[in-house]
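The first residue of the sequence shown is numbered 1, and numbering continues consecutively from there.
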Amino acid sequence: MSAPSTDHSTDAATARKVLYATGPAHQAFGQSRAAYFVVPRRTLQSMPAEWQERYVSLIAEARTYLPADAFPQYQVIRLNDGRYAADPHRRYRRAGPIPSRPAGAAAEPTPAPLGGAFVNTDVDF
């Protein structure tokens, strides 16, 4: 048997790669091959204040942890069954909050809550 590694930087790098490939975010995408998870502003603003605070805090923490290029700008186009569709969330100022699910109403089963949230469009420009 070999002795345990004493190179903690290598161990940390390996642990980070394992987390990247098998961690909670990876698992939340399930079998989906989506490369992005997109949440409309209207959806975020419709969440309870405590959730919004937690979300904003986590994103702020991520921005201090990761380099700026981890948060590039994107343009989003809504698809419905693979076709371009009008986006009711685009005009968030006029639309108002999304009504919450009625009390006691069953949520749709989502074994992978992030799966399929964004279809990859691997197009070379």
Side-chain angles (χ1 to χ4, degrees):
M1 272 205 307
S2 63
S5 171
T6 56
D7 185 356
H8 296 293
S9 63
T10 302
D11 292 346
T14 300
R16 191 158 187 236
K17 286 179 183 178
V18 168
L19 175 64
Y20 179 84
T22 63
H26 176 78
Q27 296 297 321
F29 276 97
Q31 297 298 315
S32 166
R33 297 227 180 243
Y36 301 90
F37 178 67
V38 177
V39 179
R41 178 177 179 162
R42 185 172 174 224
T43 300
L44 293 172
Q45 289 182 196
S46 296
M47 292 179 184
E50 179 186 336
W51 297 6
Q52 291 182 42
E53 289 170 5
R54 289 180 4 217
Y55 181 87
V56 170
S57 177
L58 286 170
I59 295 301
E61 274 188 71
R63 286 183 179 270
T64 62
Y65 180 75
L66 297 169
D69 63 356
F71 300 91
Q73 292 184 352
Y74 287 94
Q75 180 175 346
V76 176
I77 299 169
R78 184 178 173 125
L79 300 175
N80 189 2
D81 293 327
R83 296 182 177 186
Y84 295 118
D87 188 352
H89 300 299
R90 184 170 171 249
R91 302 196 189 287
Y92 62 90
R93 290 183 178 153
R94 293 189 195 135
I98 299 169
S100 59
R101 191 182 317 264
E108 296 175 20
T110 53
L114 304 183
F118 189 88
V119 176
N120 294 339
T121 54
D122 289 330
V123 176
D124 292 328
F125 291 99

**Request:** Among Ile, Leu, Val, Met, Phe, Trp and Tyr joined by side-chain contacts under 4.5 Å, find the other residues sharing a cluster with Tyr65 and list them by chain and number.
**Result:** Leu66, Phe71
**Prompt:** Among pairs that include at least one residue of residues 77-87, which meet side-chain hydrogen bond (donor to acceptor under 3.5 Å, both in side chains), considering only residues two or more places apart or in two chains?
**Reply:** none
**Message:** Suppose we screen for ring pair (Phe, Tyr, Trp, His ring centres under 6.0 Å). Which residues come up paired with Tyr74, at least two apart in sequence or across chains?
**Reply:** Tyr36
**Prompt:** Got a sec, which pairs hit salt bridge (charged side-chain N to carboxylate O under 4.0 Å, His left out) with one end in residues 51-67, sequence neighbours left out?
**Reply:** Glu50-Arg54
Return all side-chain donor-acceptor pairs below 3.5 angstrom for residues 19-29, not counting sequence neighbours, or 'none' if the list is empty.
residue: Thr22; atom: OG1; partner: Val18; partner atom: O; Å: 2.6
residue: His26; atom: NE2; partner: Ala21; partner atom: O; Å: 3.2
residue: Gln27; atom: NE2; partner: Thr22; partner atom: O; Å: 3.3

Could you tabulate the donor-acceptor pairs under 3.5 Å formed by side-chain atoms of residues 37-48, not counting sequence neighbours?
residue: Arg41; atom: NE; partner: Gln45; partner atom: OE1; Å: 2.7
residue: Arg41; atom: NH1; partner: Tyr92; partner atom: OH; Å: 2.8
residue: Arg42; atom: NE; partner: Gly96; partner atom: O; Å: 2.6
residue: Arg42; atom: NH1; partner: His89; partner atom: ND1; Å: 3.4
residue: Arg42; atom: NH2; partner: Gly96; partner atom: O; Å: 3.4
residue: Ser46; atom: OG; partner: Arg42; partner atom: O; Å: 2.7
residue: Ser46; atom: OG; partner: Ile98; partner atom: N; Å: 2.7

